[in-house]
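I have placed the structure first, in the form of structure tokens, so that the comments after it can refer back to it.
Chain naming here is simple, since letters A, B, ... match the order of the sequence lines and numbering starts at 1 in each. Keep in mind that this is a model prediction, so the values were computed, not measured.
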Amino acid sequence: MSFKSIIDEIENNLKKILGDLSLAPISFSVEPSKPGFGDASSNISFLLSKQLKKNPKDIALLLSEKYSDCQSTLVLKSEAHPSGYLNFYADWKKLSQLILSESFLGEFGTVDLGENSSIVVEHTSVNPNKALHIGHIRNIIIGDTVSRILKKSNFKVNVLNYVDDSGLQVADIIVGFKHFGFPQDPPTGKKFDHYCGDDVYVKTTEKYESDPTLEEIRKNTLKDLEDASSETARFADKITQRVLSAQLETCWNLGVYYDCLNFESQIIRSGLWSTIFEKLKEMGLIEFEKEGKNQGCWVIRGDEGEEDKVIVRSNGTATYIAKDIPYAAWKLGLLNDPFNYKKYEKTQPNTQVLWQTTLEKSPEPKQNFSGNKVITVIDSRQARLQKIITSLMAKFKSVSDAYIHLGYESVTLSAETAKTLGLETDGKQAQMSGRKGLYVNADSVYELLKSKTFEETKKRHPEMSASDIDSISHHVSVGTLRYEMIKQDLDKIIAFDLTKSLSLEGDTASYIQYTHARAARIIEKSGKTPSIDVEFGLLGEQPELDLIKMIGLFDIQVYDAAKNFSPKVIARYCHDLAVAFNSFYEHVHVLDLGDEKLESARLCLVNSFKSTIEKSLDLLGIAAPDRM
RNA sequence: GGGCCUAUAGCUCAGCAUGGAUAGAGUGUUGGACUUCUAAUCCAAUGGCCAAGGGAUCGAAGCCCUUUGGGCCCA
């Protein structure tokens, strides 16, 4: 509850006042105030002004007067601001106690938005023919962060990674291996996924351009992939598994874990498509076109002003949308599950079991990874296709928001970074391209960041062991990368710049982590175990109150982030919380005050901050080292 | 030709969902603060016709309409 407690108290009292004045209930807001306007503010007078035909200021005065008769536990007084806002001042002695003692509980910040319902988050879903580049990382970090936020909001989250192991991109590297003689093992020191992406894929697609007759080989390979028993399919399976394994290493290193892996090849071979095709026909969601340009095709009727979408061509082959429909329905648990489950051969570093589907018999029990709701994280270039699936699933499940496409704008390369990769763009940002080899690999960015933070940490702590420095630089570089990917809104393009992204100052993860380390250091130096049995009334300095208030806003932020699937809300909160602590740190001293009681109270606050910033950073998948 | 996203400080972005108070950060530039719990920090100065035009409103960065840049998708 925390700061929410005082907001609730105010809301209830205002509702009561409305009743006493025999006014109709209205949906006014009570929110934490801007600095300088008390602790909480309501817009209620503005909303009443039309109905009462009075100006907001007079209404605020009236309400403020009425409010003084209300039962208050946390509110000290209300005040009518000349602007018309109704501002409230908290009884900080009580509110501090409430917020600080709650902040130490493990469930602090937890909100019950999900009511323990199941939800699927699908993210990553990269073709297993290359290493993850910085654009994929945005997808992965958004998905992982949203999963963490939803878990905190009492959803039962199933995280899925859809492996497109039978598409054109995989076919291309298979052509490379089988027809152009690329050795199956990478040169020493190179990860297998990097080798496949940087060398096999790029060079194979180059050859297509110079020799159009190769298109035939490519098509045949693609066709062979669909037949599980073919030699090509078995070979491809080995290759894609190796690439997948290398990709997962990258994800795990960034603190991203999954519940289950799905494979496109299995979806195709499972026969789910024909099941759902029949169902779609039954439900009248698709129609057979008898005339016009789509004659002989099965189509989904477009909404008003939109074109019909072909699902099955007149020659009987399914279009690429058709692959996504059964998977979407499977994720929502709308079909009999044709899969068995087995454990992935490697254990995830967090020891969480990673499952994968299989069409073969398995000694393991059947699993269920479906959800009442499904969130699919894919960039907004897929919006058109995703919209069709969303509306189809809405009809299927008779719930409008069962299937949600969480879209985001892509990551491009800044002109400078494109230039270092050999592309002159005339000052414009450039689209990444796996095919042209124009991308920045996630592993390389991590390595660069890590060596930079390693040097920085070593400089600060010459006495520290190499393994400790290594651990710190790992957490800082992962944090920096993750924070860069989610700190801005999903609908903003990120023009990735290698130099700027390596910054460790300002609005970065390291700033926040550093703040945590400062707090940890104070507690360590105090030589005491912070207690919550302190005199909260002693915490009266403005920076102290600001910090307590910020701590108390945690659950409100979690609610907001979960409700809107918006990771950046938590990123901003972490930053604001760190700013509040740094201001406290500069203005208020904690240790060696010669006042035992005050020191204990402040130590309690420092510890509360430390605990809260850890919890909120954890929602971003960012660790908080005690020393930096 | 149709559709989606976007435009706020020199640069990168918050704020817009739910219209009301003084439009905020970071970065950059300039100056200041380490014998004091870690300077990956803090403080100050600088910097805005909120793309343009219109509309509804007592009130618009935010809502509606039009136009123009930029990005993407489909044809």
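- For the pair A:K492 and B:A14, the criterion of a side-chain N or O lying under 4.0 Å from OP1 or OP2 is met.
- At least one side-chain heavy atom of A:L18 sits less than 4.5 Å from a side-chain heavy atom of A:I26.
- Considering only side-chain N and O atoms, A:Q513 lies nowhere under 4.0 angstrom from the phosphate OP1 or OP2 of B:A40.
- For the pair A:R384 and B:C73, the criterion of a side-chain N or O lying under 4.0 Å from OP1 or OP2 is not met.
- Within the structure, every side-chain polar atom (N or O) of A:R381 is placed at least 4.0 Å from both OP1 and OP2 of B:G71.
- Both tests pass for A:R518 against the ring of A:Y585: distance under 6.0 Å to the centre and angle within 45° of the axis.
- Side-chain contact between A:Y446 and A:H474 is present, with heavy atoms from C-beta onward closer than 4.5 Å.
- Nucleotide B:A33 is matched to B:U41 when pairs are restricted to Watson-Crick or G-U wobble geometry with both distances under 3.5 angstrom.
- Look at B:G24: its Watson-Crick or wobble partner, with both distances under 3.5 angstrom, is B:C13.
- OP1 or OP2 of B:U41 has not a single side-chain nitrogen or oxygen of A:R518 nearer than 4.0 Å.
- Considering only side-chain atoms of A:E409, the nucleotide from B:U41, B:U38, B:C5 that sits closest is B:C5.
- A straight line from CG of A:D379 to P of B:C5 spans 15 Å, rounded to a whole angstrom.
- B:C74 sits 26 Å from B:C65 when the P atoms are compared, rounded to a whole Å.
- When Watson-Crick and G-U wobble pairs are counted only if both distances are under 3.5 Å, B:C72 pairs with B:G3.
- Closest to the side chain of A:Y511, from the set B:A40, B:C13, B:U41, is B:U41.
- Below the 3.5 angstrom threshold, one finds no donor paired with an acceptor across the side chain of A:R572 and the base of B:A25.
- A side-chain donor-acceptor contact under 3.5 Å links A:D39 to the backbone of A:A90.
- In terms of phosphate contacts, A:K568 brings a side-chain nitrogen or oxygen within less than 4.0 Å of OP1 or OP2 of B:G15.
- Between the side chain of A:T453 and the base of B:A40, no donor-acceptor pair under 3.5 Å is found.
- The CG atom of A:D491 sits 4 Å away from the P atom of B:U6 (whole-angstrom rounding).
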